[in-house]
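Take a look at the structure below.
Heads up: numbering here begins at 1 and tracks the sequence.
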Amino acid sequence: MRVLVVEDELLLAEAIAEWLRGETHAVDLAHDGQTALERLAVNDYDVVVLDRDLPISHGDTVCAEVAASECSARVLMLTAAAEVSDRVAGLSLGADDYLTKPFAFPELAARVLALGRRSRPAPPPVLRRAGITLDPARREVFRDGRYVPLAKKEFSLLAELMRAQGAVVPAEWLLEKVWDEYADPFSGVVRLTILKLRRKLGAPQVIETITGVGYQIL
């Protein structure tokens, strides 16, 4: 998934981003509400982890704008305000979930994952296609019964191709969903990762290149 973390405490923001990247998510950062709104205007996020007390544009403003827009991103409001009235107010603004500080990183990651499932059609628990079995929960991949060890980005890219159920997935979509805003679109990172996947999955080749369009698993 692609996640936007909006937090003005720089060290905390980096810590959250690092943890979520360790969960194979692509993560962008914003340290104020205005920057968050700018990111949301140009990027397609699955989940927004949103601090409430933000500079320039308050977190409540960001949350309300996301809720009022056609954006499909789910909002996890993250704040030190722990009173019941604070939680009710946050949810009333359009937040999908509410987590108070201090928090446990495993719980944050679990909530992000749960919200991400709601931001897109739910995939089957285990994805199967062309002899490949991909288990998102266990992060395991098998090809014709043979275990295939994959790096995090390789796993995430393969999962996006599997979820497409045979449709062609543009390279731009893969770059956006598997990497983040700092990925260089001219670096060829998608093509190189595809090559690594093909090598690890073995013969016969199942990932097809549709020239000028993208990739698909037949």
Side-chain angles (χ1 to χ4, degrees), residues 1-5 16-28 43-49 71-76 96-97 99 104-180 183 189-210 213-218:
M1 296 185 300
R2 190 166 186 183
V3 181
L4 176 63
V5 174
I16 294 172
E18 182 178 357
W19 188 279
L20 293 178
R21 286 169 183 149
E23 298 289 317
T24 74
H25 304 307
V27 182
D28 295 340
N43 296 313
D44 180 21
Y45 293 104
D46 297 292
V47 178
V48 181
V49 178
C71 174
S72 62
R74 302 293 181 173
V75 176
L76 170 58
D96 298 280
D97 198 0
L99 184 61
F105 282 101
E107 180 182 3
L108 171 66
R111 287 173 181 257
V112 166
L113 185 60
L115 289 177
R117 293 193 189 103
R118 292 162 53 190
S119 71
R120 62 172 70 181
V126 176
L127 302 170
R128 294 184 175 88
R129 189 171 189 85
I132 300 171
T133 300
L134 185 147
D135 187 333
R138 296 177 180 273
R139 295 187 194 165
E140 292 180 341
V141 172
F142 294 85
R143 173 76 189 276
D144 297 327
R146 172 180 61 87
Y147 175 68
V148 182
L150 297 179
K152 291 176 181 178
K153 295 301 184 185
E154 294 165 357
F155 183 93
S156 297
L157 191 151
L158 180 61
E160 290 296 327
L161 292 175
M162 296 281 283
R163 289 189 182 105
Q165 299 181 357
V168 178
V169 183
E172 294 81 4
W173 173 270
L174 294 171
L175 189 67
E176 179 176 304
K177 287 297 181 182
V178 178
W179 283 269
D180 56 31
V189 65
V190 174
R191 180 179 60 83
L192 291 173
T193 305
I194 290 288
L195 290 174
K196 292 178 182 178
L197 266 177
R198 285 173 174 157
R199 186 165 57 249
K200 290 185 177 183
L201 290 171
Q205 177 178 301
V206 293
I207 302 177
E208 295 292 327
T209 300
I210 309 302
V213 183
Y215 303 91
Q216 69 178 147
I217 295 180
L218 299 177

Test ring-ring contact (aromatic ring centres under 6.0 Å, His included) applied to Phe105 - qualifying residues, sequence neighbours left out:
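Only Trp19, Phe103 meet the ring-ring contact (aromatic ring centres under 6.0 Å, His included) criterion with Phe105.
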
Partners of [X] by side chain to side chain donor-acceptor pair (under 3.5 Å), sequence neighbours excluded?
| X | value |
| --- | --- |
| Arg191 | none |
| Arg111 | Asp97, Glu107 |
| Arg139 | Glu23 |

Per the side chain to side chain contact (heavy atoms under 4.5 Å, CB included) rule, which among Leu150, Leu127, Thr133, Leu197 passes with Val141?
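The passing option is Leu150.
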
By the definition side chain to side chain contact (heavy atoms under 4.5 Å, CB included), identify the one residue from Ile217, Asp144, Val148 that meets it with Leu201.
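Exactly one pass, corresponding to Val148.
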
Are the side chains of [Y] and [X] in contact, using a 4.5 Å heavy-atom criterion?
| X | Y | answer |
| --- | --- | --- |
| His25 | Asp46 | no |
| Leu134 | Leu158 | yes |
| Val189 | Lys153 | no |

Restricting to pairs with a member in residues 194-204, which pass side-chain hydrogen bond (donor to acceptor under 3.5 Å, both in side chains), not counting sequence neighbours?
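The answer is Glu154-Lys200, Arg198-Thr209.
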
What heavy-atom pair brings [X] and [Y] nearest, and what distance separates the two atoms?
| X | Y | value |
| --- | --- | --- |
| Ile132 | Met162 | O-CE, 3.6 Å |
| Trp179 | Val190 | CZ3-CG2, 3.8 Å |
| Gly116 | Val47 | N-CG2, 3.6 Å |

Heavy-atom donor-acceptor pair, [X] side chain to [Y] backbone, under 3.5 Å:
| X | Y | value |
| --- | --- | --- |
| Asp135 | Val126 | no |
| Gln216 | Leu218 | no |
| Asp96 | Val75 | yes |

Distance, nearest 0.5 Å, that separates CG of Leu174 from OH of Tyr215
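Going from the CG atom of Leu174 to the OH atom of Tyr215 covers 8.0 Å.
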
Rounded to the nearest 0.5 Å, what separation is found between the CG atom of Leu20 and the CG atom of Leu113?
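Interatomic distance, Leu20 CG to Leu113 CG, rounded to 0.5 Å: 10.5 Å.
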
I'd like to check the side chain to side chain contact (heavy atoms under 4.5 Å, CB included) partners of Asp44; sequence neighbours left out, ordered by chain and number.
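Counting only residues at least two positions away or on another chain, Asp44 forms a side chain to side chain contact (heavy atoms under 4.5 Å, CB included) with Ser72, Trp173, Glu176, Lys177.
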
Neighbour count above 12 (heavy atom, 6.0 Å) for Glu18 CD:
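At most 12 heavy atoms, drawn from other residues, nucleotides or ligands, come within 6.0 Å of this atom.
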
What do you reckon, is CZ of Arg146 surrounded by more than 12 foreign heavy atoms closer than 6.0 Å?
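Result for CZ/Arg146: enclosed.
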
Mind running side-chain contact (heavy atoms from CB on, under 4.5 Å) on Tyr45 and Asp28 for me, showing each step along the way?
CA-CA 9 Å; Tyr45 293 104; Asp28 295 340; 2.7 Å; yes

Please determine whether side-chain contact (heavy atoms from CB on, under 4.5 Å) holds for the pair Val27 and Val49, giving the CA-CA distance in whole Å, both sets of side-chain angles, and the decisive distance to 0.1 Å.
CA-CA 10 Å; Val27 182; Val49 178; over 6 Å; no

